[in-house]
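Heads up, the thing below is written out as structure tokens.
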Amino acid sequence: MNTWKLWARRCVCTLASCVLLALPVVSEATQKATVNWSPNVFAAGELTPASLVGVSGVSHDIAAALTERLRELDHAGKLPFTLNEQGTSDVDIQAITDEEGISLQPFAVLDTSLDSKVTVNGKTIYKSIVLSGLDVAVASWDSSTQEYRMLGMIPLNTYATIERATPFTLEEKAAKYAEITQKMIRSDLDFNTNKKLFQDLDLRSINTQEDTYQVADVAIGSKKAQEIFGGQSDKLRRIVASFFAGSYQQAAGKTVLPSALETGYYAKDVQANMEAFTLSSPLGTRTMTIPKAKHTFIVDVCGVNSGVMDEDKSDVKRHIVYRAWLRARPAEDAPGAASEKTIDKIAMEAQYKTDNVSQKNSPVNTYTAMYLDLSQDLGQVMAGKKLKKK
């Protein structure tokens, strides 16, 4: 055989060997885990008479929006897993077959409203800030404990303000809650915001070696804020925890676990470093376990203030300036450490008073809107992002 033929045969053999060696690598790299989806949306903790997600039809509508979004992402090739749809939300929960392998378990951590009143021309205007926080959890089924174990989640948050001359019923606020939640799912649900979560999903679960994050507590250190929010202070704490966590996850791409403020979880097994909370829906309840987070944050509603900026001689119009502060630090660091960050926000409102027009605003509305923005901004700051000028 001449030299040219020998060289050609060696090239062909070498090429074939390279292809054979490369094939398993490509196959493994492109293999995706299968994730089950049985349409159902839960509340974190027990369903209460004030739970908007528990109002008839609401969880069904949100689950339908999730199914629509999942199919859309799947069709576009934008899911980092293979979707396996199972069952419907109209069957008994015991018949849903996601108690096997890995599944999506969405649950509401905010399904409430902050309510206040505004006086205009002697008439009362009722306002409600309707809040939605939805954690789309990825979980594995543990047959030994008959529980779900969270591997991670995609947190989503949104809100809307509604107002009119008569108070809103629970059903009306629930309808707005369902509307804004469905819109949020369609526009914001993206499983690629935490790419590490879906790497080797079939083989792993969260462990002590993985960096996980959580809001350990939200304090209301400002006595004035305590007075302003009164009985709604716990709602403010949940709002700050939820919006801070969602913003941090989006900015940092880290695995964020739900806060105790949002789920009301209890210590499950201290020795195993695990905790658990209840998921509830009109179809039944189940238990979700999570490992204790490796990194935690302490957030503090540390100050609010307001004052008259100017006032004309006839006392007809004046501008009220509001200022709010929010602070956060890693829980392991002492207060005042270099890692502690504090940001503030200023808002201004005009007030009028004439023979025909008078207006008196509620500071609950103003400060809630400010802390919604501050929570999201501070989440970005703690993730090392620079805030864009507004």
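Quick note: residue numbers are just sequence positions, from 1.
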Q.
Less than 4.0 angstrom from a charged side-chain N to a carboxylate O is my criterion; do D217 and R237 meet it?
A. yes
(Q) Would you say I129 ends up clustered with L261 if hydrophobic residues are merged whenever their side chains have heavy atoms under 4.5 Å apart, either directly or through other cluster members? (A) yes
Q) Do you see a donor-acceptor pair shorter than 3.5 Å between the side chains of S113 and S128? A) no
Q. How many angstroms lie between atom CZ of F243 and atom CG of L372, to the nearest 0.5 angstrom?
A. 5.0 Å
(Q) Treating S233 as the side-chain partner and G230 as the backbone partner, does any N or O pair qualify as donor plus acceptor under 3.5 Å? (A) yes
Q) Would you call K345 and D373 a salt bridge, using N to O less than 4.0 angstrom? A) yes
Q: Starting at CD of Q250, measure out to CG of N157 and round the result to the nearest 0.5 Å.
A: 9.0 Å
Q. Is the gap between the ring centers of Y159 and Y177 under 6.0 Å?
A. no
(Q) Within this structure, what is the CG-CZ distance for the pair L110 and R238, rounded to the nearest 0.5 Å? (A) 5.0 Å
(Q) Check for me, please, whether F191 and I62 land in the same ILVMFWY cluster - side-chain distances under 4.5 Å, paths through other members count. (A) yes
**Q.** Closest contact, heavy atoms only, A65 versus I185
**A.** O-CG2, 3.8 Å
Q) Any luck finding a side-chain donor-acceptor pair between W37 and T67 under 3.5 Å? A) yes
Q: Evaluate side chain to side chain contact (heavy atoms under 4.5 Å, CB included) for Q380 paired with L387, printing each intermediate quantity in order.
A: CA-CA 7 Å; Q380 293 184 52; L387 296 178; 4.1 Å; yes
Q: Start with the C-alpha distance between K127 and D115, add both sets of side-chain angles, then the distance that settles salt bridge (charged side-chain N to carboxylate O under 4.0 Å, His left out), and finish with yes or no.
A: CA-CA 6 Å; K127 285 191 175 186; D115 307 314; over 6 Å; no
Q. What's the shortest heavy-atom distance between G246 and P155, and which atoms?
A. CA-CG, 3.7 Å
Q: Supply the atom-to-atom distance L131 CG to T368 OG1, rounded to the nearest 0.5 angstrom.
A: 8.0 Å
Q | Residue pair D300 / V218, side-chain heavy-atom distance below 4.5 Å | A | no
Q. Tell me, do L47 and F42 make a side-chain contact under 4.5 Å, heavy atoms counted?
A. no
Q. Do F229 and I220 have side-chain heavy atoms sitting under 4.5 Å apart?
A. no
**Q.** Side-chain donor-acceptor contact under 3.5 Å, E349 with T366
**A.** yes
Q) Which of parallel (below 30°), tilted (30 to 60°) and perpendicular (above 60°) describes Y213 and Y248? A) tilted
Q: Please lay out, stage by stage, how N36 and L104 fare under the test side chain to side chain contact (heavy atoms under 4.5 Å, CB included).
A: CA-CA 6 Å; N36 301 326; L104 297 179; over 6 Å; no
Q. Around atom NZ of K183, are there more than 12 heavy atoms of other residues, nucleotides or ligands at under 6.0 Å?
A. no
Q | Side-chain touch N192/P80, heavy atoms, less than 4.5 angstrom | A | yes
(Q) Check this for me, if you would: do R149 and D142 make a salt bridge, where the nitrogen-to-carboxylate-oxygen distance has to be below 4.0 angstrom? (A) no
(Q) Check whether T34 reaches the backbone of T82 with its side chain - one donor and one acceptor, N or O, closer than 3.5 Å. (A) no
Q. Rounded to the nearest 0.5 Å, how far apart are CD of Q182 and OG of S132?
A. 10.0 Å
Q: First locate atom CZ of R327, then atom CD of E340, and finally report the distance between them rounded to the nearest 0.5 Å.
A: 5.0 Å
Q) Counting only heavy atoms not in K385, do more than 12 sit closer than 6.0 Å to its NZ atom? A) no
(Q) Under 6.0 Å between ring centres: does that hold for F168 and Y126? (A) no
Q) Taking all atoms of both residues into account, what is the closest heavy-atom pair of Q105 and M288, and its distance? A) CB-CE, 3.8 Å
Q) Does the pair F297 and M382 meet the rule for a side chain to side chain contact (heavy atoms under 4.5 Å, CB included), with working shown? A) CA-CA 9 Å; F297 294 109; M382 295 304 289; 3.8 Å; yes
Q. Does some side-chain heavy atom of I125 sit less than 4.5 Å from a side-chain heavy atom of R164?
A. no
Q) Taking all non-hydrogen atoms of both residues, which atom of F107 and which atom of P258 are closest, and how far apart? A) CZ-CG, 4.2 Å
Q) Checking salt bridge (charged side-chain N to carboxylate O under 4.0 Å, His left out) for the pair R186/E72: CA distance, chi angles, key distance, verdict? A) CA-CA 9 Å; R186 296 185 186 109; E72 176 190 355; over 6 Å; no
Q) Does E172 offer a backbone N or O that forms a donor-acceptor pair with the side chain of T169 under 3.5 Å? A) yes
Q: Could you verify whether a donor N or O on one side chain and an acceptor N or O on the other, from R286 and Q146, lie under 3.5 Å apart?
A: no
Q. Side chains of S306 and K224: closer than 4.5 Å at any heavy-atom pair?
A. yes
Q: Check whether the side chains of N40 and S59 place a donor and an acceptor atom closer than 3.5 Å, and report yes or no.
A: no
Q: Considering non-hydrogen atoms only, spot the tightest contact between E147 and T289 and give its length.
A: OE1-CG2, 3.1 Å
Q: State, to 0.1 Å, how close L378 and V299 come at their nearest heavy-atom pair, and which atoms those are.
A: CD2-CG1, 4.5 Å
Q.
Hydrogens and angles aside, do Q249 and S247 bring a side-chain donor and acceptor to less than 3.5 Å of each other?
A. no
Q) Do the non-hydrogen side-chain atoms of T212 and P291 ever get within less than 4.5 Å of each other? A) no
Q | Flag, side chain of R329 to backbone of D333, donor-acceptor distance under 3.5 Å | A | yes
Q | 4.5 Å side-chain heavy-atom contact, L134 and M184 | A | yes
(Q) Please determine whether residues W325 and V364 belong to a single hydrophobic cluster, defined as Ile, Leu, Val, Met, Phe, Trp and Tyr linked transitively by side-chain heavy-atom distances below 4.5 Å. (A) no
(Q) Under the criterion side chain to side chain contact (heavy atoms under 4.5 Å, CB included), I'd like the reasoning laid out for K235 against Q232: C-alpha separation, chi angles, the key distance, then a yes or no. (A) CA-CA 5 Å; K235 289 184 180 180; Q232 301 194 88; 4.1 Å; yes
Q: Treating Ile, Leu, Val, Met, Phe, Trp and Tyr as nodes and any side-chain heavy-atom pair under 4.5 angstrom as an edge, say whether I298 and V215 lie in one connected cluster.
A: no
**Q.** Test item: T193 side-chain N/O and D190 main-chain N/O as donor-acceptor pair under 3.5 Å
**A.** yes
Q.
Determine whether a donor-acceptor pair (N or O, by modelled atom type, separation under 3.5 Å) exists between the side chain of K32 and the backbone of L79.
A. yes
